[in-house]
Amino acid sequence: MADVLEVWRGEGRHEITLNRPGRRNAINRELNAEIVAALRAFDADADARVAVLTGADPAFCAGMDLTDLGWADRSPGDRSPGDRGDTFASALRAVRKPVIAAVNGPAITGGFELALGADFILASERAFFGDTHARVGVFPGGGMTVYLAQAVGVRRARQLSYTGELIDAAEALRLGLANEVLPHDDLLPRAREVAAAVAAVDASLLTELRVAYQRRGNLGTDDALAAERAESARRRGSAEGIAARRDEVITRGHRRIQREEQGS
């Protein structure tokens, strides 16, 4: 069985690639654990100053694997001893070094949160973004209500979350969600180029700079994230409703993906 996540190390960076292309890199229990472990390893590596987070084509990440949601639905009291219940979102928040999201394709719902949790986004022309939490009857728990508003403004974030509409790479650039949009084959080379520039900065200064941006730019973020997580936990237990809406959302997303791929 192929590894669900691949990590390349060198040149001052870690390159972390989600590798479930048959499921469009949807996050299940195993992949979540691997992302958490990879981010911790990156944070602990004294030789690494920046990480590039991407997905195996054709997708960046289609969100949470709706066939394996049980791991994400447990409250702390339900966890076995030694199971810290960490998620990719909490791991991204804890990392002390920059993480660049190289979004190579669809980044939907949980996958959108994964990209938003990075320091900034570089996007392929094939990328598009969407928050379908409301459409499947799930309250966000990975930072959507905080990070999306920070990226595009509260009013635009409300519209995206309320409607579940998808935005393409050009619109993401216009809104300031993506810093750059590249031809697909140029995305990773450009991400590596930017990562090299970041890696050239003094390591301790880089860490302090990231902390400063979190402290000043995200004033109130910790409280907002805690409130989102609490509401997400309160609204658990609607697995039947999620399943009932799942096929409609997946079909809708697949149609959009197929249109994008046929047009590329």
Side-chain angles (χ1 to χ4, degrees), residues 5 7 13-16 18 25 27-29 31-45 48-55 60-61 63-64 71-76 79 83-103 107-122 129 131 133 138-152 154 157 161 177-179 195 198 203-234:
L5 185 130
V7 180
R13 74 175 186 274
H14 284 200
E15 200 163 294
I16 302 169
L18 281 60
N25 303 320
I27 300 173
N28 61 358
R29 183 193 311 265
L31 181 53
N32 177 74
E34 291 294 325
I35 294 170
V36 170
L39 289 170
R40 287 182 182 156
F42 159 62
D43 206 34
D45 185 350
R49 300 188 182 182
V50 60
V52 174
L53 178 64
T54 192
F60 175 73
C61 177
M64 311 306 286
W71 66 271
D73 285 340
R74 294 167 301 155
S75 66
R79 295 169 187 152
D83 178 5
R84 295 170 58 184
D86 291 321
T87 67
F88 65 83
S90 61
L92 276 168
R93 184 73 178 161
V95 167
R96 296 167 296 171
K97 308 171 189 178
V99 178
I100 301 168
V103 179
I108 307 299
T109 311
F112 195 1
E113 289 179 311
L114 181 64
L116 286 167
D119 287 75
F120 54 87
I121 295 170
L122 304 179
F129 304 84
D131 175 19
H133 279 103
V138 175
F139 195 90
M144 183 68 73
T145 64
V146 180
Y147 297 138
L148 183 57
Q150 290 175 347
V152 303
V154 173
S161 290
L177 175 64
N179 285 20
V198 173
S204 61
L205 178 60
L206 192 61
T207 295
E208 289 303 317
L209 187 59
R210 188 175 195 272
V211 169
Y213 268 109
Q214 285 184 318
R215 183 188 305 121
R216 298 183 179 92
N218 297 338
L219 187 64
T221 292
D222 289 339
D223 288 342
L225 287 171
E228 183 192 83
R229 288 193 297 269
E231 182 63 16
S232 180
R234 188 185 72 80

- Task: Would you please test Leu122 and Ile100 for side chain to side chain contact (heavy atoms under 4.5 Å, CB included) and show each step?
- Result: CA-CA 7 Å; Leu122 304 179; Ile100 301 168; 4.1 Å; yes
Nearest heavy-atom pair of [X] and [Y]: which atoms, and what distance?
X: Cys61; Y: Leu18; result: CB-CD2, 3.9 Å
X: Ala91; Y: Leu39; result: CB-CD1, 3.7 Å
X: Val52; Y: Ala102; result: CG1-CB, 4.0 Å
X: Ala48; Y: Phe42; result: CB-CD1, 3.8 Å
X: Glu113; Y: Gly141; result: OE2-N, 3.9 Å
X: Thr87; Y: Asn32; result: CA-OD1, 3.3 Å

- Message: If you apply the rule side chain to side chain contact (heavy atoms under 4.5 Å, CB included), what do you find for Phe120 with Leu177, and how did you get there?
- Response: CA-CA 8 Å; Phe120 54 87; Leu177 175 64; over 6 Å; no
Looking at [atom1] of [X] and [atom2] of [Y], how far apart are the two atoms once the value is rounded to the nearest 0.5 Å?
X: Arg49; Y: Ser204; atom1: CZ; atom2: OG; value: 8.5 Å
X: Arg40; Y: Ile35; atom1: CZ; atom2: CD1; value: 12.5 Å
X: Phe139; Y: Met144; atom1: CZ; atom2: CE; value: 11.5 Å
X: Thr145; Y: Gln150; atom1: OG1; atom2: CD; value: 9.5 Å

- Report yes if the side chains of Ile27 and Phe88 come closer than 4.5 Å at any heavy-atom pair, otherwise no. yes
- Side chain proximity check, Leu53 to Leu114, heavy atoms < 4.5 angstrom: yes
- Query: Would Leu148 and Ser161 satisfy side chain to side chain contact (heavy atoms under 4.5 Å, CB included), going step by step from the backbone distance to the final call?
  - Reply: CA-CA 9 Å; Leu148 183 57; Ser161 290; 4.0 Å; yes
- Could you go through the side chain to side chain contact (heavy atoms under 4.5 Å, CB included) check for Phe129 and Ile108 one step at a time? CA-CA 6 Å; Phe129 304 84; Ile108 307 299; 6.0 Å; no
- Do you see a donor-acceptor pair shorter than 3.5 Å between the side chains of Asp131 and Thr109? no
- Per the side chain to side chain contact (heavy atoms under 4.5 Å, CB included) rule, which among Val198, Val50, Asp43 passes with Lys97? Asp43
- Pair Glu208-Arg210, salt bridge (charged side-chain N to carboxylate O under 4.0 Å, His left out): steps then yes or no: CA-CA 5 Å; Glu208 289 303 317; Arg210 188 175 195 272; over 6 Å; no
- Query: By side-chain contact (heavy atoms from CB on, under 4.5 Å), which residues pair with Val7, not counting sequence neighbours?
  - Reply: Leu5, Arg9, His14, Ile16, Ala38
